[in-house]
Amino acid sequence: MNAQTATSNVKTSKEQIPVNTSKERYWWNLLHYTIAITPDFNKKFISGTNQLTFTALQTGNTLQVDLKDPMRITSITWENLRLPYTRQKDAYFITFPRSVEKGETHAVLIEFEGHPAAAIKPPFDNGWIWAKDEKGRPWMSIACEGSGASIWLPCKEVLYDEPDNGVDFSITVPDTLTAVANGRLRSKVVNKGGTTTYNWKVVSPINNYNIVPYIGKYKSWHTEYKGLKGKLDCNFWVLDYHLAKAKKHLLQTDTMLRAFEHWMGPYPFYQDGYKLVEAPMPGMEHQSGIAYGNGFQNGYRGKDNISGTGWGLKWDFILVHESSHEWFGNSLTSSSHNDTWLHEGFAKYLESLYTAYVWGNEAGNEYSLGTWKRIKNDRPILGTSTSDRYYKGAAMLHTIRQQLGDAVFRGWLKGLNQTFSHQTVTTEQILEFLNQYTKKDFTSVFSQYLKTTQVPVWEYRFQHGELHFRWTKCIDGFAMPLNIAVDGKTFQLIHPTTQWQILPVPKGDTNSLAIDKNYYIKIAEQGSIDK
């Protein structure tokens, strides 16, 4: 089954607008940002402009942009007119002198400045990073996934609406430093007064928190990956004293790209290239400019605390995990924060799929099961920021994969990335696509794992030469196939529901029952559940 067939009835669009979107955001669609900034390291100060280009989806005259204290907007210009605006907390409301009619395209130029909030322990807290490298030289960047880019940049602070035509980003820095950003370097301009302006361009849609500057004493090199869509430009920017070590360690990038293209199809941003940039934080999934701070070593800071299996020491955690977000998080972006498991759950599971691609399915399974110890079941995944977005989301995907088999599961992932490339999506769309692609109904599975904290229990008993079984501790109507072997070795797929079912058992096999360990469930013999 191809993706076109599977999605003939699936609703797709560039943006899925959440129902609670304010009217000042709803009526217009973001097309492009043209950003120019000059950071002052000594003063911890930023000044700059952002030209925001948009088209009207409906007629309107009040447009909302967002910028958090202590940053402030100093001027807004449209068609050579200074526009009035009001501020309510972090929201700025811009009033046009006439109605902007549906279908019109316009640009407003926003000037801004201020001392942005500083990050203390990025990316686990958000803010501008004013750091120094090991030689005491300035090293700057930003971490803002949680807070949003409005902690430093006036923007449309939503997930659902990305600039359809990308971003132009100019960064002016002292000529002793280099400024790196998303996309491709278009030009480097040497200015008077000892500064240089680096002009970068992103042609793909990009979410706000991925727009990022990296400023430091960088050296770079370029390679080409021969991928599914031809030659992919790969560029690596590291601090000058790490160049030799980094070149050797990051050879595994080629394997990572090959593994992910195997599972999900082409890298989503061939036009903008793949880039990895050494950053003053552990890592972040900045689109076409991955932030890397793992010390050029395998594991996470040299350890496999994530799975505890040892498999995580065979590859670089930050390289693999953050790069996986190029497919889930950057190309397929959740339309609201309610659905961010679509970023984190898929990215977490792609670590297991990478391990399986390189070392085989048993290795991938061991890694996956090793991460389940981190599941808390403290809050439902949908609509919350629980860490179960990562680990339980990945566990659900691993469980679904067992029911589909690798060929169908891989086809589903490829279909998702083909159908929803460079779009914002909802959980409902992903489920609808899964159901149509597989011709099976996973609605109760999604509800069970994403909307509740219950782990479904497969309850069973042997009676009169029969195996009796059902699902319990679950939602009404829960139904999920399960792979078992009543003789301990010959596995078969059964179809439990919340009602008791019966399976004949060959004589002598009542003590040999085996249940596939790759399902995130609990198992209990009848009468033992509450003991």
Side-chain angles (χ1 to χ4, degrees), residues 341 345 349 365 368-384 386-405 409 427-428 430-431 434-435 438-506 509-531:
W341 81 275
Y349 191 51
N365 292 345
S368 186
L369 269 62
T371 67
W372 293 2
K373 66 181 182 294
R374 293 178 169 267
I375 298 175
K376 298 177 180 178
N377 287 309
D378 56 343
R379 287 173 289 169
I381 290 174
L382 292 184
T384 74
T386 173
S387 61
D388 280 1
R389 292 177 300 158
Y390 296 77
Y391 302 104
K392 190 176 179 182
M396 183 187 77
L397 294 173
H398 190 63
T399 300
I400 290 173
R401 179 180 163 207
Q402 312 315 307
Q403 301 162 55
L404 299 179
F409 188 80
T427 296
E428 289 73 19
I430 300 302
L431 172 60
L434 175 61
N435 287 345
T438 63
K439 298 190 182 305
K440 302 178 186 295
D441 189 356
F442 285 89
T443 304
S444 68
V445 175
F446 268 51
S447 294
Q448 179 69 41
Y449 287 99
L450 300 179
K451 297 180 180 180
T452 82
T453 59
Q454 294 176 308
V455 180
V457 175
W458 187 71
E459 184 181 17
Y460 72 95
R461 70 172 183 265
F462 287 103
Q463 183 177 342
H464 305 306
E466 297 172 329
L467 175 63
H468 297 241
F469 56 86
R470 67 173 180 176
W471 289 117
T472 188
K473 302 293 184 180
C474 57
I475 62 171
D476 291 340
F478 180 68
M480 183 175 74
L482 179 65
N483 208 22
I484 71 167
V486 293
D487 62 358
K489 53 186 178 182
T490 308
F491 280 88
Q492 60 180 311
L493 202 63
I494 61 172
H495 298 272
T497 67
T498 54
Q499 304 299 315
W500 284 107
Q501 296 183 52
I502 298 173
L503 182 69
V505 179
D509 284 342
T510 56
N511 295 319
S512 303
L513 178 65
I515 298 95
D516 191 339
K517 63 183 179 181
N518 292 293
Y519 288 73
Y520 182 61
I521 61 174
K522 293 181 179 180
I523 301 162
E525 190 169 3
Q526 187 183 17
S528 67
I529 293 177
D530 297 319
K531 291 183 180 179

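Everything numeric in this text was worked out from a predicted model, so none of it was measured. Heavy atoms only: backbone and side chains are in, while hydrogens, waters and symmetry mates are out.
At a threshold of 4.5 Å between non-hydrogen side-chain atoms, the residues W341 and L382 count as touching. Using a 4.5 Å heavy-atom threshold, the side chains of Q463 and I502 count as separate. Residues F446 and L434 meet the side-chain proximity criterion, which asks for heavy atoms closer than 4.5 Å.
Scanning both residues, I375 and A395, for their nearest heavy atoms gives CD1-CB, 3.9 Å. Scanning all heavy atoms of the two residues, the minimum distance from M480 to P496 falls at O-CD, 3.3 Å. Between P456 and C474, the shortest heavy-atom distance links the atoms CB-CB, 4.3 Å. Pairing each heavy atom of H398 with each of Q402, the nearest pair is O-NE2, 2.7 Å. When all heavy atoms of T497 and A479 are compared, the pair lying nearest together is CG2-CB, 4.3 Å. The two atoms that bring Q526 and W500 nearest to each other are NE2-CZ2, 3.7 Å, heavy atoms only.
Side-chain N or O atoms of D388 include none that pairs as donor or acceptor with a backbone N or O of I381 at under 3.5 Å. Under the 3.5 Å distance criterion, the side-chain polar atoms of Q448 are matched with a main-chain donor or acceptor of I475.
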Verdict with reasoning, I484 to L467, per side chain to side chain contact (heavy atoms under 4.5 Å, CB included): CA-CA 11 Å; I484 71 167; L467 175 63; 3.7 Å; yes
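Note that CD1 of I523 is 8.0 Å distant from CG of L513, once rounded to the nearest 0.5 Å. A distance of 4.0 Å separates CZ of F469 from CD1 of I494, quoted to the nearest 0.5 Å. Considering CG of L482 and CD of Q492, their distance stands at 10.5 Å, rounded to 0.5 Å. For the atom pair CZ (F442) and CE (M396), the distance works out to 9.5 Å, reported to the nearest 0.5 Å. In this structure, CD on E525 lies 9.5 Å from CD on E459, to the nearest 0.5 angstrom. Atom NE2 of H495 sits about 11.5 Å away from atom CG of L503, to the nearest 0.5 Å.
Defined by atom type and a distance below 3.5 Å, a donor-acceptor pair is missing between the side-chain atoms of R374 and Y390.
Other residues, nucleotides and ligands contribute over 12 non-hydrogen atoms within 6.0 Å of the NZ atom of K373.
Aromatic ring orientation, W458 versus Y460: parallel (interplanar angle below 30°, classes split at 30° and 60°). Using cut-offs of 30° and 60° for the angle between ring planes, the Y449 and F478 rings count as perpendicular.
A side-chain contact (heavy atoms from CB on, under 4.5 Å) with K473 is found for exactly one of I521, V457, T498, namely V457. Applying side chain to side chain donor-acceptor pair (under 3.5 Å) to D378 and the options T386, T384, T453 leaves one that passes, T386.
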